[in-house]
Protein chains: 2
Amino acid sequence: MGVLEKVAAKPRVAKEAPSAPLPLDTILQDDCIAAMKSLPAKSIDMIFADPPYNLQLGGDLNRPDGSQVDAVNDAWDKFDSFAAYDAFTKAWLAEARRILKDNGSIWVIGSYHNIFRVGTAIQDSGFWILNDIVWRKANPMPNFRGTRFTNAHETLIWASMGEKAKYTFNYRSMKTLNDELQMRSDWEFPICGGPERLKKDGHKVHPTQKPEALLYRVMLAASKPGDVILDPFFGTGTTGAVAKRLGRRWIGIEREGNYIEAAQERIDAALPLDESQLKTMQANTKKPPRVAFGQLVENGYLAPGTVLTDTKRRWQAVVGADGSLTCDAVSGSIHKVGSTIQNAPSCNGWTFWHYEAEGGLKPIDALRQTYLLATQP
Amino acid sequence: MGVLEKVAAKPRVAKEAPSAPLPLDTILQDDCIAAMKSLPAKSIDMIFADPPYNLQLGGDLNRPDGSQVDAVNDAWDKFDSFAAYDAFTKAWLAEARRILKDNGSIWVIGSYHNIFRVGTAIQDSGFWILNDIVWRKANPMPNFRGTRFTNAHETLIWASMGEKAKYTFNYRSMKTLNDELQMRSDWEFPICGGPERLKKDGHKVHPTQKPEALLYRVMLAASKPGDVILDPFFGTGTTGAVAKRLGRRWIGIEREGNYIEAAQERIDAALPLDESQLKTMQANTKKPPRVAFGQLVENGYLAPGTVLTDTKRRWQAVVGADGSLTCDAVSGSIHKVGSTIQNAPSCNGWTFWHYEAEGGLKPIDALRQTYLLATQP
DNA sequence: CGTGGCGGTGAATCCCTGT
DNA sequence: AACAGGGATTCACCGCCAC
């Protein structure tokens with residue numbers, strides 16, 4: 001029995017979806033709350049929301065080379081206070097809750113600027129958080145001034161309608177996608193760039209366009225073909241494009257005309273995809289995990305104070321508690337110190353530096369292998 | 001007026017560090033809020049907190065109106081419980097804020113059950129979030145029922161005392177630790193197990209013992225040797241053990257006697273790094289003394305009249321006897337001339353300007369290094 | 001045709017000290 | 001307190017162009 005027959009056989013549609021037909025596969029140009037109010041209760045299977053982050057940026061930021069960062073400086077991201085942001089969040093979440101089916105679920109993406117407030121509001125609205133998902137950016141923007149850790153991830157919250165509510169989770173699909181290992185709560189994707197990034201006159205159309213790969217995984221995990229997916233902050237329509245490709249129905253809400261124009265054009269051009277192509281889109285590049293020298297020190301594989309030397313024992317260097325190496329007056333990373341003392345342009349510290357082991361000197365790279373064996377499943 | 005006179009004139013020390021001495025390197029057996037109340041204001045450099053997030057908080061829980069909640073016997077719905085948890089969070093964060101120094105910072109770790117509420121409370125208390133950090137577990141527990149994504153991470157929030165507040169961030173240490181790449185906001189560590197995991201009669205002593213490697217990185221990043229680090233939810237004392245190893249002072253607060261016993265025994269057994277280790281660590285974070293360009297000229301490292309250029313030899317500038325630089329009609333400091341001729345907002349003259357040396361152009365920063373090595377003991 | 005250098009850029013709460 | 005000025009600060013990827 002096909003999906004369509006199943007729907008037709010049961011009068012569920014009549015109960016759940018009222019006579020007014022849903023504006024399927026269209027973009028509603030309106031304020032997100034007003035537009036949601038126009039939709040019938042319990043009519044949506046999944047919501048994906050990428051609300052404003054309320055970044056609260058200060059002045060300009062320049063890269064070390066002097067060029068200026070093209071920051072998010074749009075009116076839609078400006079709020080007067082946390083209270084104003086919270087009120088906005090609660091208002092749109094309340095409408096989201098009304099229009100979601102009882103077995104629907106909601107996804108919201110954000111950063112530390114807003115995600116804690118969003119998460120609190122989600123819980124307070126009666127949703128039940130199923131997972132928080134970390135999108136690890138493969139190529140984040142660095143912290144140019146060296147004042148904090150590189151902000152290299154964003155957070156998604158996935159929630160059902162309540163503690164006892166049912167929801168869709170395609171466990172098998174996720175496991176298959178992840179080479180027969182359970183899909184974890186941390187996902188790695190590159191940020192949206194290259195030909196996927198929508199541009200007009202050489203400039204990005206939307207400052208925060210999300211990668212399609214992210215939406216693929218979300219929809220593949222938590223919706224079924226034919227499901228209706230709503231995006232109340234549609235932007236340039238990543239949600240719509242991916243929904244079309246995956247055989248889902250979609251509704252987008254967006255205020256700004258230029259975004260709508262770009263989104264419609266993009267979605268019109270999107271081609272439905274068959275399942276066999278999905279695996280490659282999500283291809284697990286399976287990079288061997290990178291291990292930094294400091295991790296060995298942090299994890300006790302090499303004690304601070306240990307003396308390292310080269311194969312010919314010409315130099316001695318002491319391991320610092322912070323993963324640094326000190327040789328004579330020179331201090332720094334294993335690579336830096338190696339190149340400095342040899343007066344060479346570069347040096348692979350992993351193979352240059354050795355430690356005393358039973359049976360003679362061993363390169364510290366051997367310790368890295370041991371660490372990898374112990375920590376990788 | 002000299003610096004010493006200035007300090008002596010203000011009774012700052014008396015204000016910030018009160019007569020009652022801090023209970024350094026000890027565990028206070030008490031309710032966390034009560035114990036924090038006993039500590040003087042602005043006396044702590046860093047707080048690391050791993051608050052409980054199951055709702056069995058017992059005596060910790062107060063209703064918003066102040067009345068106590070009996071978590072075992074009271075039947076209260078989840079909204080009551082969120083409110084109670086929020087009240088508890090705000091209460092201990094308020095005390096944390098009072099006892100932290102103006103340039104202190106706070107770390108809190110949690111999972112999706114509580115971290116959104118904690119993050120909101122942190123922002124509402126006036127803290128300024130610096131980063132959210134994802135601890136990616138190398139070996140998480142699988143989701144046995146296959147109903148959700150494997151919950152493979154926890155979240156830490158790092159916050160300063162306010163938007164304009166100073167804080168400690170050992171940028172160089174973190175970069176060294178990470179093989180000369182900026183440390184990112186996602187960290188991978190194995191969960192706490194093996195010999196590190198405290199056990200008694202074959203059972204783990206504490207359900208959520210954190211790995212020492214995690215605390216190690218936190219303290220290396222955001223504290224200095226000798227700093228006072230408070231952990232209001234001490235548990236089995238990971239914070240204390242790592243603080244002792246890294247030459248930090250610590251204060252722990254814990255209610256349960258069996259945890260305290262295990263923690264004390266563990267910390268007694270921990271070995272501190274020797275002094276030379278701490279010294280090199282501090283040297284790695286300490287900024288080298290400032291060298292003015294003029295000093296190089298005065299000391300004969302660079303003769304007046306020498307011609308400097310950039311890497312591409314697009315500009316030529318002449319060194320003046322007073323340490324000024326002249327390029328075309330522009331004259332001034334190495335930085336100012338660099339920024340002016342490039343029409344850039346700023347310029348680091350030390351790396352921009354080069355001189356002719358054997359084997360090609362070298363940045364004048366190399367001369368500064370030579371000068372520093374020659375003049376520093 | 002491959003390769004390497006160079007320029008551009010991405011949801012960013014991005015300096016500090018002395019006058 | 002506002003302002004000026006010294007000087008410290010970046011990673012991965014994509015596209016273009018030269019060779």
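Any value given below was found using the heavy atoms of this structure, including those in side chains, with hydrogens, waters and symmetry copies removed. Every chain is numbered from 1, with letters handed out A, B, ... down the list of sequences.
Taking only distance into account, the side chain of A:Lys210 meets the base of C:dA11 through a donor-acceptor pair shorter than 3.5 Å. One N or O donor and one acceptor, one from the side chain of A:Arg148 and one from the base of C:dT13, sit under 3.5 Å apart. With hydrogens and angles ignored, a donor-acceptor pair under 3.5 angstrom links the side chain of A:Arg63 to the base of C:dG10.
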Grab the N/O contacts between the protein and nucleotides 15-19 of chain D below 3.5 Å, and write none if there aren't any.
none

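Counting non-hydrogen atoms under 4.0 angstrom, B:Asn348 reaches a base of the nucleic acid. Base engagement by A:Asp50 is indicated by at least one non-hydrogen atom pair under 4.0 Å involving a base atom. The residue B:Arg368 sits close only to the backbone: its heavy atoms come under 4.0 Å of sugar-phosphate atoms, none of a base. Within the 4.0 angstrom heavy-atom criterion, only backbone atoms of the sugar-phosphate kind lie near A:Asp70; the bases stay farther away. Contacts of B:Lys312 with the nucleic acid, taken as non-hydrogen atoms under 4.0 Å apart, involve only primed sugar atoms and P, OP1 or OP2.
Salt-bridge check for B:Asp102 with B:Lys164: failed, with every basic side-chain N at 4.0 Å or more from each acidic carboxylate O.
Side-chain proximity of A:Lys204 to the nucleotides C:dC14, C:dT9, C:dG10 is greatest for C:dG10. You'll find that the side chain of A:Leu61 is closest to C:dC14, out of D:dA8, D:dC11, C:dC14. When each of D:dC13, D:dC11, C:dA12 is scored by its nearest atom to the side-chain atoms of A:Asn139, the top-ranked nucleotide is D:dC13. Here the side chain of A:Gln56 is nearest to one of C:dA12, C:dT13, C:dA11, namely C:dT13. Nearest nucleotide to the side chain of A:Thr208, out of D:dC11, C:dG10, C:dA11: C:dA11. Counting only heavy atoms from C-beta on, B:Gln182 has its side chain closest to D:dT10 among C:dG10, D:dT10, C:dA11. With distances taken from any side-chain atom of B:Leu181 to the nucleotides C:dC15, C:dA11, D:dA12, the minimum falls on D:dA12. Of the candidate nucleotides D:dG6, C:dT13, C:dG10, C:dG10 has the atom nearest to the side chain of A:Pro142. Of the candidates C:dT13, D:dT10, D:dA8, D:dT10 carries the atom nearest the B:Tyr171 side chain, counting heavy atoms from C-beta on.
Once the 5.5 Å centre distance and the 30° plane angle are applied, the aromatic ring of B:Trp128 is found stacked with the base of C:dT13.
Counting only Watson-Crick and G-U wobble pairs whose two distances sit under 3.5 Å, DNA chain C takes part in these stems of three or more pairs: C:2-10 with D:11-19, C:15-19 with D:2-6.
Taking 4.5 Å as the limit, every side-chain heavy atom of A:Lys137 sits out of range of all side-chain heavy atoms of A:Pro190. Side chains of B:Val218 and B:Trp187 form a contact here, defined as non-hydrogen atoms less than 4.5 Å apart.
Ring pair B:Trp350/B:Phe293 is perpendicular by interplanar angle, where above 60° counts as perpendicular and below 30° as parallel.
Put simply, CZ on A:Arg217 and CH2 on A:Trp135 are 12.5 Å apart, with the number rounded to the nearest 0.5 Å.
At a cut-off of 3.5 Å, with distance as the only test, no side-chain donor of A:His203 or A:Asp70 sits close to an acceptor on the other residue.
Within the structure, every side-chain polar atom (N or O) of A:Asn143 is placed at least 4.0 Å from both OP1 and OP2 of D:dT10.
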